[in-house]
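Values in this document were obtained by computation on a predicted structure and should not be read as measured data.
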Amino acid sequence: MTRGGREKERDEPERKCIATGESQPKAGLIRFCLGPDGQIAPDILGKLPGRGMYVSADRAALDRAAKKNLFSRAARQPVKVPEGLADLVETLIARRVIELLSMARKAGDAVTGYEKVKDWLVKGTAVTLIQASDGSERGKTKLHAPDGANGFIGCLSAGEIGLAFGRERAIHAALAAGGLRSRVVEEAAKLAGLRGQTGGDDGGETAMKDTKNA
């Protein structure tokens, strides 16, 4: 399993993290590029021109890359690193997850609200359960995350989930199978790493154990 939250494919391209020295699939890495002003820029969409530098989607790795001048070493020239780089990347990744979840909602592949989510889970429509990290633990254990890989996402706040659905707050959401689901899962796994939280699979197992013990 990759840090990006999906099964590793044999032909999936790998890159080396400049902070850890480990090679892994690009899905679990944050790409950075050097701008014309000599400043490092996070390339969240992976579309910026130029040679990419990669760091694991992990706050400690990002902090190490910034503090140890590893971007300059990788670029083989002096570079400027923005203040609070890890916070900046976390904000951008969170925004990306919200955007993708909103797109899934508009495509009819995501719902929110306890009753709608419960209905999708019962019918087997939902393949990923999303629950707010700041929601009531007692309330969250009433829903059982789907079995299988990437069945649970728990790194978003109620405000962030609500934003994706045009609400002030939302505690429960669910994703159906489809291309957008895999993209939401992948970016959410990065966000979980940046927030020092357990990845999707472990979260799903925890949710299921809590439900059984409730």
Side-chain angles (χ1 to χ4, degrees), residues 1-101 103 133 149-150 152-157 160 163-164 179-204:
M1 180 67 64
T2 73
R3 284 178 180 268
R6 64 183 182 187
E7 297 293 339
K8 180 179 176 181
E9 298 175 0
R10 187 178 302 173
D11 60 349
E12 190 172 4
E14 294 193 347
R15 296 291 185 272
K16 181 181 289 187
C17 170
I18 65 172
T20 66
E22 298 177 357
S23 293
Q24 61 173 297
K26 291 169 64 176
L29 299 161
I30 308 296
R31 184 177 190 265
F32 292 86
C33 287
L34 187 61
D37 58 353
Q39 179 162 290
I40 286 296
D43 182 18
I44 304 304
L45 298 181
K47 295 181 178 180
L48 292 179
R51 177 175 174 271
M53 292 168 274
Y54 295 84
V55 181
S56 298
D58 177 85
R59 179 169 286 269
L62 281 171
D63 286 340
R64 184 172 188 276
K67 293 177 181 178
K68 298 292 185 179
N69 209 30
L70 300 182
F71 287 107
S72 293
R73 184 183 302 175
R76 298 180 181 178
Q77 67 180 78
V79 302
K80 293 179 286 186
V81 179
E83 288 290 331
L85 181 64
D87 289 334
L88 171 61
V89 173
E90 179 185 330
T91 297
L92 293 174
I93 293 292
R95 185 182 304 166
R96 181 60 177 160
V97 176
I98 293 168
E99 290 174 351
L100 289 169
L101 187 54
M103 289 169 61
S133 57
N150 306 317
F152 182 78
I153 292 174
C155 60
L156 294 168
S157 70
E160 289 168 335
L163 190 58
L180 283 171
R181 180 251 183 179
S182 63
R183 292 165 65 187
V184 173
V185 165
E186 184 176 300
E187 297 302 320
K190 293 179 183 178
L191 183 61
L194 292 167
R195 290 180 171 176
Q197 299 177 3
T198 303
D201 292 333
D202 292 340

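The minimum heavy-atom distance between A94 and R195, with the atom names listed, is CB-NH2, 3.8 Å. In this structure, L85 and A66 approach most closely via the heavy-atom pair CD2-CB, 4.4 Å. Shortest non-hydrogen contact noted between A19 and R64 is O-NH1, 2.5 Å. For P42 against L48, the heavy-atom pair with the smallest separation is O-CD1, 4.3 Å. For the residue pair A188 and V97, the shortest heavy atom distance occurs at N-CG2, 3.7 Å. Across all their heavy atoms, A65 and V55 have their closest contact at CB-CG2, 4.2 Å.
A distance of 9.5 Å separates CG in L29 from CZ in R15, rounded to the nearest 0.5 Å. With values rounded to the nearest 0.5 angstrom, E186 atom CD is found 9.5 Å from L100 atom CG. A distance of 10.5 Å separates CG of L101 from CD of E160, quoted to the nearest 0.5 Å.
Residues C17 and Y54 fail the side-chain proximity criterion, which asks for heavy atoms closer than 4.5 Å. With contacts defined as side-chain heavy-atom distances shorter than 4.5 Å, the pair L191/E187 does not qualify. S133 is not listed as a side-chain neighbour of L156, based on a closest heavy-atom distance of 4.5 Å or more. Using a 4.5 Å heavy-atom cutoff, the side chains of F32 and L62 are in contact. At least one side-chain heavy atom of I30 sits under 4.5 Å from a side-chain heavy atom of I93.
Note on residues 71-86: pairs passing side-chain hydrogen bond (donor to acceptor under 3.5 Å, both in side chains), not counting sequence neighbours, are N69-S72. For residues 34-55, the pairs satisfying salt bridge (charged side-chain N to carboxylate O under 4.0 Å, His left out) are R31-D43, with sequence neighbours left out.
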Inset, instruction - Report the C-alpha separation of N150 and R181 in whole Å, then their side-chain angles, then the decisive distance to 0.1 Å, and conclude whether the side chain to side chain contact (heavy atoms under 4.5 Å, CB included) test is met. - result: CA-CA 10 Å; N150 306 317; R181 180 251 183 179; 3.6 Å; yes
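Not a single donor-acceptor pair under 3.5 Å links the side chain of R96 to the backbone N or O of I44. Judged purely by atom type and a 3.5 angstrom limit, T20 uses its side chain to pair as donor or acceptor with the backbone of E22.
Of the residues K190, R95, R59, the one that meets the side-chain contact (heavy atoms from CB on, under 4.5 Å) test with E90 is R59. For the pairing with L194, the side-chain contact (heavy atoms from CB on, under 4.5 Å) check across T91, D58, V89, D87 returns one residue only, V89.
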